[in-house]
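Some notes on the structure that comes next.
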Amino acid sequence: MFVKRRIITVLALALPLAGLSAAALAQAPNYPADYAKIIEAAKKEGKVVVYSTTDSKAAESLIRDFSALYPAVKVEYNDMNSTEVYNRFISEVAAGGATADVMWSSSMDLQMKLASEGYGLAYKSPEGAAVPAWANWKDTAYGTTFEPAAIVYNKRLVPEAEVPATHADFTKLLTTKLDKYKNKVTTYDIEKSGVGFSLITHDLKLNPQFWDFAKALGGVAVRVQSSTGTMLERISSGENLIGYNILGPYALTRAKKDPSIGIAFTKDYNLVLSRVIFVNKSAKNVNAAKLWLDYILSKRGQTIIANDAQLFAIRGDVTGATTSAELNKQLGAALKPMPVNTDLLEYLDQTKRLAFLKQWKDAAGKK
């Protein structure tokens, strides 16, 4: 049985509307002529149920603005980790009970597994043209963010000269400064974190010396966690000195208020993750679900994703520090977005997954 960790229910809020009103939106050139019917049907449904890995605090401004745009549509927002989102949805569907109208998760592979198995509704969003082609799978699953994986370190205890600029630098650091970094390096527990597993298997594809790196992590007895927050806390305190593949947006948010947190991106290649969204094919509130998906992909929603939620907007026409446009200025060709397609499913094959996990545990010393 899965317990709701957090639910935010937001009703009508007396906030000024930024940009297009719902009525104007329904008549916008890129929206179909009958979009007003979807809005009216959503009002009658009265709510949308979202299962998400996006922290409720980060999503709060999105929920508030969506509710200002559509005050008749209540948002039930359920915040869980990536494996919980998947397992809860699957369990509820199997039991024939109530479940999410919208699935929105940073575990790209698990989202693609659900979408490719027929749980996603094919819906051509009027905002879809603004999303990069690599982030749209059959008008069913859409990427919504452009989030760089990051190296996070303790600025008080790790000098700039030791901060890795490439993956080879990281391997060298761990093997040449073994005493300093023993028990002081952290990354995701890839058996418990869907995000962590997805990132590390993409590293395998891009890093020719991946297993040397894994052995270097094993050499310093890497500490693994399922929570980004826990890793950031331990790096800040000095219990750990450096973390690998940590979600950049959460780290950057923490760094703004925590002078101990330093962040670096790798110049040989830097993975970029995108939170994948789809409408449940059997959604009880399907019209409200479409409104939520369109809102998240809209310039209005993406501007809030960038400037308030600070999750990095995927749309190229959104400006600011936490946008794909700004990251491209900084890192250019080093950025390697993980495409929203069925290639993500490669290591979800049980035989391949178990073989990889065994090899990872042997190399990284995680028994």
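Computed from a prediction, not measured in an experiment: that's the story for all the values here.
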Rounded to the nearest 0.5 Å, how far apart are [atom1] of [X] and [atom2] of [Y]?
X	Y	atom1	atom2	answer
Glu76	Lys47	CD	NZ	4.0 Å
Leu348	Thr342	CG	OG1	11.5 Å
Ile246	Thr186	CD1	OG1	6.0 Å
Leu157	Ile235	CG	CD1	11.5 Å

Within 45 degrees of the ring normal and closer than 6.0 Å to the centroid, is that where the cationic atom of Lys352 sits relative to Tyr347?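 Judged by the rule, Lys352 and Tyr347 form a cation-pi pair.
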
A cation-pi test, strictly: NZ or CZ of Arg353 under 6.0 Å from the centre of the six-membered ring of Phe197 and no more than 45 degrees from its axis. Yes or no?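 Here Arg353 passes the 6.0 Å and 45° test against Phe197.
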
Donor-acceptor contact below 3.5 Å, side chain [X] vs main chain [Y]:
X	Y	value
Thr187	Tyr244	yes
Asn207	Asp203	no
Gln111	Ser106	no
Lys290	Ala42	no
Thr266	Asp268	no
Asp169	Thr166	yes
Thr83	Ser193	no
Gln302	Arg315	yes
Thr303	Gly301	no
Ser274	Thr144	yes

Flag side-chain contact, heavy atom, 4.5 Å: [X] against [Y]:
X	Y	value
Leu114	Met103	yes
Asp101	Trp292	no
Leu311	Thr322	no
Ser116	Leu345	yes
Val224	Ile190	no
Pro337	Leu271	no
Thr54	Arg275	yes
Leu241	Tyr181	yes

Taking the six-membered ring for Trp and the full ring for Phe, Tyr or His, determine whether the centres of [X] and [Y] are under 6.0 Å apart.
X	Y	answer
Tyr123	Trp137	no
Tyr119	Phe89	yes
Tyr77	Tyr51	no
Phe170	Phe213	yes
His167	Phe210	no

Would Tyr142 and Val276 count as a side chain to side chain contact (heavy atoms under 4.5 Å, CB included) if you check the C-alpha gap in whole Å, the side-chain angles of each, and the deciding distance to 0.1 Å? CA-CA 5 Å; Tyr142 297 89; Val276 174; over 6 Å; no

Name all residues meeting the side-chain hydrogen bond (donor to acceptor under 3.5 Å, both in side chains) criterion together with Gln209; count only those two or more places apart in sequence or in a different chain, and write none if there are none.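 If we apply the side-chain hydrogen bond (donor to acceptor under 3.5 Å, both in side chains) test to Gln209, skipping adjacent residues, there are no hits.
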
Got a sec, which residues hit side-chain hydrogen bond (donor to acceptor under 3.5 Å, both in side chains) with Asp258, two or more places apart in sequence or on another chain?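 side-chain hydrogen bond (donor to acceptor under 3.5 Å, both in side chains) check on Asp258 returns Ser236, Arg254.
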
Can you classify the ring geometry of Phe146 versus Trp134 as parallel (below 30°), tilted (30 to 60°) or perpendicular (above 60°)?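 Tilted.
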
Charged N to carboxylate O below 4.0 Å: is that the case for [X] and [Y]?
X	Y	result
Glu162	Lys180	yes
Lys284	Glu45	no
Lys37	Glu40	no
Lys299	Glu127	no
Lys329	Glu326	yes
Lys205	Glu346	yes
Arg300	Asp65	yes

Kindly work out whether a path of hydrophobic side-chain contacts (I/L/V/M/F/W/Y, heavy atoms less than 4.5 Å apart) joins Val318 to Ile277.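 No; tracing contacts between hydrophobic side chains, which count when under 4.5 Å, never links both residues.
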
Establish whether Leu206 and Trp360 are linked, either directly or via other cluster members, by ILVMFWY side-chain heavy-atom contacts under 4.5 Å.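 Same cluster.
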
How close do [X] and [Y] get, counting heavy atoms only, and between which atoms?
X	Y	answer
Ala289	Val279	CB-CG1, 3.7 Å
Thr53	Asp79	O-OD1, 4.2 Å
Val85	Ser105	CG1-CB, 4.4 Å
Ile38	Leu291	CG2-CD2, 3.9 Å
Tyr188	Asn245	CE1-O, 2.9 Å
Ala325	Gly316	CB-O, 4.2 Å

Test side-chain hydrogen bond (donor to acceptor under 3.5 Å, both in side chains) on Ser125 and Asp294 and set out the steps. CA-CA 6 Å; Ser125 171; Asp294 293 338; 2.6 Å; yes

Please determine whether side-chain hydrogen bond (donor to acceptor under 3.5 Å, both in side chains) holds for the pair Tyr250 and Asp55, giving the CA-CA distance in whole Å, both sets of side-chain angles, and the decisive distance to 0.1 Å. CA-CA 9 Å; Tyr250 290 157; Asp55 185 87; 5.8 Å; no

Does one side chain, of Glu147 or Thr145, offer a donor that lies under 3.5 Å from an acceptor on the other?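 Judged by distance alone, the side chains do pair up.
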
Before giving the answer on side-chain hydrogen bond (donor to acceptor under 3.5 Å, both in side chains), spell out for Asn183 and Arg223 the whole-Å C-alpha distance, their side-chain angles and the decisive distance to 0.1 Å. CA-CA 7 Å; Asn183 298 312; Arg223 299 306 191 210; 2.8 Å; yes

Derivation of the side chain to side chain contact (heavy atoms under 4.5 Å, CB included) call for Asn78 and Val50: CA-CA 6 Å; Asn78 299 263; Val50 181; 5.8 Å; no

Side chain to side chain contact (heavy atoms under 4.5 Å, CB included) assessment of Ile263 paired with Ile151: CA-CA 6 Å; Ile263 298 165; Ile151 291 171; over 6 Å; no

Between Lys177 and Lys172, is a side chain to side chain contact (heavy atoms under 4.5 Å, CB included) present by the stated rule, with each step listed? CA-CA 8 Å; Lys177 294 187 178 291; Lys172 184 178 179 181; over 6 Å; no

